[in-house]
There are 2 protein chains.
Amino acid sequence: MQRRRPTIHEVAKVAGVSISSVSRALNGNTSNAEMVARVEAAVQQLGYVPSQVAQSLKTRHTAQVAFAMEDIGNAAYLEMVRQIQPVLRDAGYRLLLHSTGADVEDEVSVLDSLSQNYVDGLILCPLRVTGRHVAALRETAVPVIVIGLLPDDVSVDNVRADSRVGARMAVEHLYAAGARRIAFIDGPIDTVPGEARYAGYRAGLAACGLPLDDDLVEFADFQFESGRRAAREVLTRTDVDAVFGANDLIAMGTLHALRELGRTVPDDVRVVGMDDTTLAATSFPPLSSVSLGSADRGRIAAKLLLARMNGDDSPPERVTVPPSLTIRESSR
Amino acid sequence: MQRRRPTIHEVAKVAGVSISSVSRALNGNTSNAEMVARVEAAVQQLGYVPSQVAQSLKTRHTAQVAFAMEDIGNAAYLEMVRQIQPVLRDAGYRLLLHSTGADVEDEVSVLDSLSQNYVDGLILCPLRVTGRHVAALRETAVPVIVIGLLPDDVSVDNVRADSRVGARMAVEHLYAAGARRIAFIDGPIDTVPGEARYAGYRAGLAACGLPLDDDLVEFADFQFESGRRAAREVLTRTDVDAVFGANDLIAMGTLHALRELGRTVPDDVRVVGMDDTTLAATSFPPLSSVSLGSADRGRIAAKLLLARMNGDDSPPERVTVPPSLTIRESSR
DNA sequence: CCCGGCCCTGGAAACGTTTCCGGGATGTCC
DNA sequence: GGACATCCCGGAAACGTTTCCAGGGCCGGG
């Protein structure tokens, strides 16, 4: 351990050839089979492993890609990671994780330094998009794919969910199932998803001819506990026959709140969540949930990034993954 | 985008000083305030960002650490990542993720190439430990911390859970609550945790004076669906008044199987899981679970690694994190 | 048999930093 | 006021690769 590693020079000496020949032999740029054999023998003997750092310096790429998101603990991001990782690994890239903790400062610094550096590409999932994000995005030295909403005038590849339509689908589904007092527990209103889901909720109400009642709306922070608290709030404050939670954790919290208040699901109150994480299928009762296609978005983003890193310079793409509703017992 | 980045030479030219001075100014190795100011002005003007690759080549460290585990989707590993990431980030390291898919080949290649390369340290969570693992561990060029069981003669820092004792605690708890026919749904027996938990289960039975009945034991693969299936199997096969699941997913599957079979929890059958993931608290009924301290293990491993990377060369440590049982409604 | 072209090899430069070293200027003390 | 120590800056080497380039051997054709 901590032994100095052999360099290409030592391999060359042992094999009795020049370092250029070693390099060529190892990279398959020679046709002399005997040369290759000698070099490989020397490599074997010394336990030589090329320095990726030196290679990177020379070749100007690092075989690394970063994925930056708010919090790896969030199931939706996790789903993305699970899709992104194999795609990139099969293409020979390593995945670097960057939890920003939703800090704008941190996200921007990822963009303008991280992306100019030890990474060949970046997939970014910003919770909020500020002017500084946009400015930084214009300056990056490597391809960036943004997952999430982005202003129209930013020409960067962009894979988005349509959580607005998704939220509307949830409301319409609940209405169709007979609900008329549909509560909504949102995440923070100043985040991109929080705002979009709220808009979708209102659009859904409008489409169903229901009035918007502020008593039916509460804001939490996308977590289980705060979801439970917010749900209790609404449920004790006013009359409710359905709850739409802005993500599955909030909806799970709602299920617990309902149980504590002695209400039954779905007979008494129907519940729908969002993101369709594994939680939804394993909850009790199994939770209806609007999938925003996290897995698809991850996979698409990874493939897009791969194409860009391979030199594809067609105009920026904008892919929107359509939402889909999975109906389970909680709203049946 | 894709514009060539300025180098230190250009900064030097703009600032009218030598590259050595630029380097010193940027790294705080100079006391001339005016020099620093001039350099920073030039840096600002050019938008210069040092090449981390070149720095790494020179300084021989990369400010990167890898975490290799079977599958990032597993909640226990996720918990570790959440702890490891901030510790390392605060110390200036980036975290590289490596999902091995439990492939021995892949794990060993991580060990003997990855660790000799673009990384200053490695945290490894092997599901199985083979001779090749051990051999590779002896050869690594950078500090490695292993989370999980390791043969005694391998002198590598090691943070372990005691899942054997944990499993035994679960059984004793169920016995104390009145259960006498305690079923066990394990993961694959040929994995380190699968084996340890099985051993703990048997030890628990022995401690309670209960016989080992093969009818009460079934093997799944640590997933929800296979856990549900295995639970159904056992529950229809024989008489059962408690189930211990080798992880929370299996226990969740068991809860669903019980519900489908019309048995109530905990009155009819008590259930205990393992890992105490967030799932446990949000399930219905809330799931009793043995915590193996994933979060603690992650944090400890990260700190240990940090110490090693800072040159601490005291003899290898072996830390065992004690299990703890959180009793919730499912076994009350 | 000689010459030209081709292929293979080795030498050397380059990638962008950090750091060692030497020289010149400055300050201080006698 | 001179000598010596001190400090600061610039030049250059080095980190470990890849790749360009030139030279030499070999083969084939004239």
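Chain naming here is simple, since letters A, B, ... match the order of the sequence lines and numbering starts at 1 in each.
Although no hydrogens or angles enter the test, the distance criterion places a donor-acceptor pair under 3.5 Å between the side chain of S99(B) and the main chain of I72(B). Formation of a donor-acceptor pair under 3.5 Å by the T62(A) side chain with backbone atoms of Y118(A) is found in this model. Remark: the backbone N or O of H61(B) is paired with a side-chain donor or acceptor of S56(B) at under 3.5 angstrom. Judged purely by atom type and a 3.5 angstrom limit, R38(B) uses its side chain to pair as donor or acceptor with the backbone of A15(B). Here the side chain of N158(A) pairs a donor or acceptor atom with the backbone of V146(A) at under 3.5 angstrom. Between the side chain of T320(B) and the main chain of A161(B), no donor-acceptor pair closer than 3.5 Å is present.
For the segment residues 20-32 of chain A, the set of residues with a heavy atom within less than 4.0 Å of an atom of DNA chain C comprises S20(A), S21(A), R24(A), T30(A), S31(A), N32(A), in numerical order.
Taking the nucleotide of DNA chain D with the nearest heavy atom to each of T7(A) and K58(B), the more 5' of the two is matched to K58(B). Where M35(A) and I19(A) each meet DNA chain C at their nearest nucleotide, the meeting point lying more 5' is that of M35(A).
Contacts of V53(A) with the nucleic acid, taken as non-hydrogen atoms under 4.0 Å apart, are absent.
Side-chain contact check for T30(B) and N32(B): no donor-acceptor pair (N or O, by modelled atom type) lies under 3.5 Å.
Counting heavy atoms of neighbouring residues, nucleotides and ligands inside a 6.0 Å radius, atom CD of E10(A) exceeds 12 of them.
Along DNA chain D, the stretch of nucleotides lying under 4.0 Å from any heavy atom of chain B spans, 5' to 3', dC8(D) to dG16(D).
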